[in-house]
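Residues: numbered from 1 along the sequence shown. Keep in mind that the numbers below use all heavy atoms, side chains included, and drop hydrogens, waters and symmetry copies.
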Amino acid sequence: MTDIVIAQTTIDDEDQAKALARGAVESKLAAGAHIDAPFTAVYWWKSEIETAREWRISYMTTAGRLPELEAWVAEKHSYEVPQWVTLPVTGGSAAYLSWVVDETTKR
């Protein structure tokens with residue numbers, strides 16, 4: 001079975017979150033994406049503590065498509081240093097995992 005991963009980024013604009021989610025799915029870089037409800041982020045940036053309202057986008061993809069997805073998000077993202085983390089999927093239903101593979105396979 002192909003390795004499945006969840007890749008995540010955050011952004012401070014809901015419309016941009018939707019565009020990042022939809023664009024990756026349309027491009028077959030991800031089988032699907034979830035946008036979490038807005039939350040408050042607190043972080044260090046340029047020697048200051050910042051607070052922002054952000055949306056988290058979680059992409060379901062394969063390890064093989066991950067480098068292209070990462071490059072695409074970096075190109076489209078408005079942040080100077082966007083969050084980019086990946087989480088391995090260590091289990092799940094065979095049908096769902098097969099769907100992720102099928103939908104991210106180039107045609």
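- Between Ile49 and Trp44, the closest side-chain pair of non-hydrogen atoms falls below 4.5 Å.
- The side-chain heavy atoms of Ser78 and Gln16, taken from C-beta on, include a pair separated by under 4.5 Å.
- No cation-pi contact links Arg53 to Phe39, judged by a cut-off of 6.0 Å to the six-membered ring centre and 45° from its axis.
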Worksheet item: Would Glu75 and His77 count as a side-chain contact (heavy atoms from CB on, under 4.5 Å) if you check the C-alpha gap in whole Å, the side-chain angles of each, and the deciding distance to 0.1 Å?
Response: CA-CA 6 Å; Glu75 177 186 324; His77 208 292; over 6 Å; no
Item to complete: Under the side-chain contact (heavy atoms from CB on, under 4.5 Å) rule, what do Leu87 and Gln8 come out as? Steps first, then yes or no, please.
Response: CA-CA 8 Å; Leu87 309 164; Gln8 295 182 329; 4.1 Å; yes
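- Taking the side chain as every heavy atom from C-beta outward, Lys28 and Arg65 approach each other to under 4.5 Å.
- In this structure, Val25 is not a member of the same hydrophobic cluster as Val101, with clusters built from ILVMFWY side-chain heavy atoms closer than 4.5 Å.
- Rounded to the nearest 0.5 Å, atoms OG1 (Thr90) and CG (Asp3) are 11.0 Å apart.
- Among residues two or more places apart in sequence or in another chain, the side chain to side chain contact (heavy atoms under 4.5 Å, CB included) test is passed with Thr51 by Thr40, Val42.
- In this structure, Glu54 CD and Thr10 OG1 are separated by 3.5 Å, a value rounded to the nearest 0.5 Å.
- Thr9 contributes a side-chain N or O that, together with a main-chain N or O of Gln83, makes up a donor-acceptor pair within less than 3.5 Å.
- Here the side chains of Ile4 and Tyr96 are not in contact, with every heavy-atom distance at 4.5 Å or above.
- Other members of the hydrophobic cluster containing Ile57, listed by chain and number, are Val5, Ile11, Leu20, Leu29, Ile35, Trp55, Tyr59, Leu66, Leu69, Trp72, Val73, Tyr79, Trp84; membership follows side-chain contacts under 4.5 Å among ILVMFWY residues, whether direct or relayed.
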Worksheet entry | Candidate pair Glu80 and Lys46, rule salt bridge (Lys or Arg N to Asp or Glu O under 4.0 Å), full reasoning | CA-CA 12 Å; Glu80 185 178 336; Lys46 298 188 178 182; 3.4 Å; yes
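- At distances below 3.5 Å, not a single donor-acceptor pair connects side-chain atoms of His34 with backbone N or O atoms of Met60.
- Note that OH of Tyr43 and CD of Glu50 are 5.0 Å apart. Values are rounded to the nearest 0.5 Å.
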